[in-house]
Structures are given as C-alpha cells and as structure tokens.
Amino acid sequence: MPNIELLQPTSIEEAVSLLSQHGNDCKMIAGGTAVVIMLRNHLIAPSVLLSLGRLTSLSYIRHEPGVGLRIGALTAIREAELSALVRAKNPTLAHTFGEVANVRVRNAATVGGNLSEADYASDPPCVLVAMQARVKARSVRGDREFPVAQLIRDFYETALEPDEILTELIVPDPTPSTRSAYLKYVSRSSEDRPCVGVASVLEMGADGVCNELRVVVGAVAQTPQEIQSAEALGKGQRLTDKTIEEIAAGYASEIDPISDMRGSEWYRKQVIRVLVRRAMQQALSS
Ligand SMILES: Cc1cc2nc3c(=O)[nH]c(=O)nc-3n(C[C@H](O)[C@H](O)[C@H](O)COP(=O)(O)OP(=O)(O)OC[C@H]3O[C@@H](n4cnc5c(N)ncnc54)[C@H](O)[C@@H]3O)c2cc1C
C-alpha cells in the first residue's frame, strides 16, 4: 500500500475541522471492513485516512420518548443487534442488524459505515427506509438531519458532502399497531450479502384493516425500492392472500432489478414476488 497519512481525531469538532482541510484527498475509516478491501484492491488511493475510531462519543444507543432510538454512527452493528434496548423497542431492527454478514464483520463494522458505504447489497437501508428513519450529519457548518430515504443516491453514492460525518441514526418507535418484518434471501453462502431483502411495515387497525403500508425492497437496484402504486392496493384494505399477492406482483413488475453474481434480473423478479408476499405475511402474524 502506498504511504498514507493517518489522522486520528479524538473529538467530533477536530474530525470535521480536519475533514474540511483535507477535502477530497481524505477518506474516512470507521470499522474498516469496506475501506480496507477498497484500499487493497486499489479502488481508492487517498493520501489521508481519517480514522473515526477514537470518536467514542459517537458510540451509543439511547432511547428518547417521542423520538425513538438514537444510535451513534460509530456503534458496532453487533452491539446494535444485541442491545436489550433495541430488542425491546424495535425487534425487527435488532433482527436486521443480526442479518448483516457474520459475527466477525458485525463486531468491527459500524452502523454509520454501513449506511455511508451505500452498497446496494446491504441489509439495513431498506428496513430503515420502511421505518422512516433519519440520519444526522455534522460538518464545520453544523448539523443537519434528513431521511435515510434521501441518504442513498446511487451505487456507492450518498447525499453526504465530502466534509460531512454521519453522526447519528434516529429510528422512530413502532406504534402499538405496527407490524413489521425483514426477510433476506441469499443465493450463495449463508453469510453473504442479500440477493434480495424485503422490509414490510404495516399499520393495522383494530378492525383488521391496513391503515398504512410500507414495503421496501433492497439489494436489487442502486437505492431501496418502494412502489407506491403497489402499496396503494393495500391501504384501507383487509390484507387477504389475494391482496398480498397483487401487491407482491406489483413490486415484481414495477422494479427493474440489476443482474449480478447473486442473481439475474429475471431471477430477482421471481424472488421479489415471493419475498414481498412472505414479508407481508410474516409482519401480519408478528
Ligand atoms: C465479508 C463481508 C460480508 C458482508 N455482508 C454484508 C451483509 O450481508 N449485509 C450488509 O448489509 N453488509 C454486509 N457487508 C458490508 C458491511 O456491512 C460494511 O462493510 C460495513 O457496514 C461498513 O462499516 P465500517 O464501519 O467497516 O465502514 P468502513 O469500511 O470504515 O467505511 C465504509 C464507507 O463509509 C464511510 N464512512 C464510514 N463511517 C462514516 C461516517 N460516520 N460518516 C461518513 N462516512 C463514513 C467510509 O469513508 C467508507 O466510504 C459485508 C462486508 C464484508 C467484508
């Protein structure tokens, strides 16, 4: 590897100041599970690496009534998976973190690194979009907060400015009538990235009618896919097997999946149809 200057700020203020000085020559590194692979394969060649590893103040999991879970960007995915607070407040979220890679990767990889990498074949983004989660970012200009749905823009491209650090993930609490599920389908080893992932979040009325419906499909295109015309088929309706099948068919026909080593476009369409149906059924029975 070429000589790379390593910067290790100990405060967020120092980190954003260093980022503003070094700009595009600088690459941030958190858990390093993605960055090290990119460096080894010569996909990136930064002159400066800015390690976030000493920003211990960004590693936390809190709950704020009326807001939801606040998870610091430097929190290890494994910690979020095992957190009693996350499991109690949002079991589907804890389950999703547990679906990422394997224990070794989850111990090093951070919640913020997973989102900032913006790899299309990731598990958490589609769940976080379905849950209407938000992120906070910090730069020398201050903080800004925006939906996860706006964070991922394209393959490996986020809405973060080059001098911004993602600092926090905010996940609203499910209501008592929320039913949710995340299903991941892998076509290679059990620890692989998803071929298709589907998050289903349903708001069910006491009368058995679905008041709100968010189904988001991940790992099939550059950004998580939500098909509103298909969701509309379920809103204000009882979710019978027929309705669910129609919604699943809507997702399969409207999404234009990529072909890659995990599955062809045709194959993914079949999986989307099955997985949307199963994720909705699982959410309903949760
Ligand atoms: C073998 C293997 C299997 C995997 N399987 C899965 C899987 O099944 N599902 C899945 O979802 N993911 C999977 N991943 C991806 C893994 O989740 C990511 O590599 C990891 O989450 C990235 O986190 P990190 O902290 O290591 O980030 P790093 O590698 O340190 O950084 C990743 C990117 O994010 C940027 N970055 C990091 N933190 C911040 C921040 N706070 N603010 C702004 N930018 C930041 C870095 O500059 C870099 O561009 C797998 C990875 C490996 C190596």
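One-based numbering, in listed order, for ligands and for the atoms of each.
Residues Glu161 and Ser139 fail the side-chain proximity criterion, which asks for heavy atoms closer than 4.5 Å. Arg273 is listed as a side-chain neighbour of Glu245, based on a closest heavy-atom distance under 4.5 Å. Leu39 has its side chain within reach of Leu49: a pair of non-hydrogen atoms, C-beta onward, lies under 4.5 Å apart. Annotation: side chain of Thr110 is not in contact with side chain of Leu52 (no heavy-atom distance under 4.5 Å).
For ligand 1, the atoms lying closer than 4.0 Å to a non-hydrogen atom of Ile29 are 30 (O). Of all atoms in ligand 1, listed by their number and element, those nearer than 4.0 Å to a heavy atom of Leu160 are 43 (C). Atoms of ligand 1 lying under 4.0 Å from at least one heavy atom of Pro124, given by number and element, are 11 (O). Of all atoms in ligand 1, listed by their number and element, those nearer than 4.0 Å to a heavy atom of Ser122 are 10 (C), 11 (O). Every atom of ligand 1 is numbered from 1 in the order shown, and the set under 4.0 Å from a heavy atom of Thr33 is 18 (C), 19 (O), 20 (C), 22 (C), 23 (O), 24 (P), 26 (O), 29 (O), 53 (C). Each of the following atoms of ligand 1 lies closer than 4.0 Å to a heavy atom of Ile77: 21 (O). Taking a cut-off of under 4.0 Å to the non-hydrogen atoms of Asp123, the atoms of ligand 1 that pass are 7 (C), 8 (O), 9 (N), 10 (C), 11 (O). Per-residue contacts place Ala109 under 4.0 angstrom from the following atoms of ligand 1 (heavy atoms of the residue considered): 20 (C), 21 (O), 23 (O), 24 (P), 25 (O), 26 (O).
In Asp119, neither the side chain nor the backbone holds a heavy atom less than 4.0 Å from any atom of ligand 1. With a 4.0 Å cut-off on non-hydrogen atoms, Asp192 touches ligand 1 through its backbone and not its side chain. At a heavy-atom distance under 4.0 Å, no atom of Asn102 approaches ligand 1.
Within the structure, ligand 1 has Lys184 among the residues with a heavy atom less than 4.0 angstrom away. At a 4.0 Å cut-off, not a single heavy atom of Leu115 sits close enough to ligand 1 to count as contact. In this structure, Val186 has no heavy atom closer than 4.0 Å to ligand 1.
When only non-hydrogen protein atoms are considered, atom 25 (O) of ligand 1 lies nearest to Thr110 OG1, 2.6 Å. The closest protein non-hydrogen atom to atom 6 (C) of ligand 1 is Arg193 CG, 3.5 Å. The nearest heavy-atom contact from the protein to atom 2 (C) of ligand 1 is Val105 CG2, 3.9 Å.
Salt bridge Glu265/Lys269: absent, no basic N to carboxylate O contact under 4.0 Å.
When the options Val129, Val276, Leu275 are evaluated for a side-chain contact (heavy atoms from CB on, under 4.5 Å) with Val217, the one that passes is Val276. Partner of Arg138 under the salt bridge (Lys or Arg N to Asp or Glu O under 4.0 Å) criterion, chosen from Glu13, Glu164, Glu145: Glu13.
Inspection of the Ser20 and Ser17 side chains reveals no N or O donor paired with an N or O acceptor under 3.5 Å. At a cut-off of 3.5 Å, with distance as the only test, a side-chain donor of Thr175 or Thr178 sits close to an acceptor on the other residue.
Looking at Ala73 next to ligand 1, no N or O pair under 3.5 Å apart turns up.
The backbone N or O of Gly98 lies less than 3.5 Å from a partner atom in the side chain of Arg106, making a donor-acceptor pair.
The closest heavy-atom contact to atom 44 (N) of ligand 1, among the options Ser116, Gly113, Ala15, comes from Ser116.
The structure places OG1 of Thr158 at 8.5 Å from CD1 of Ile152, a figure rounded to the nearest 0.5 Å.
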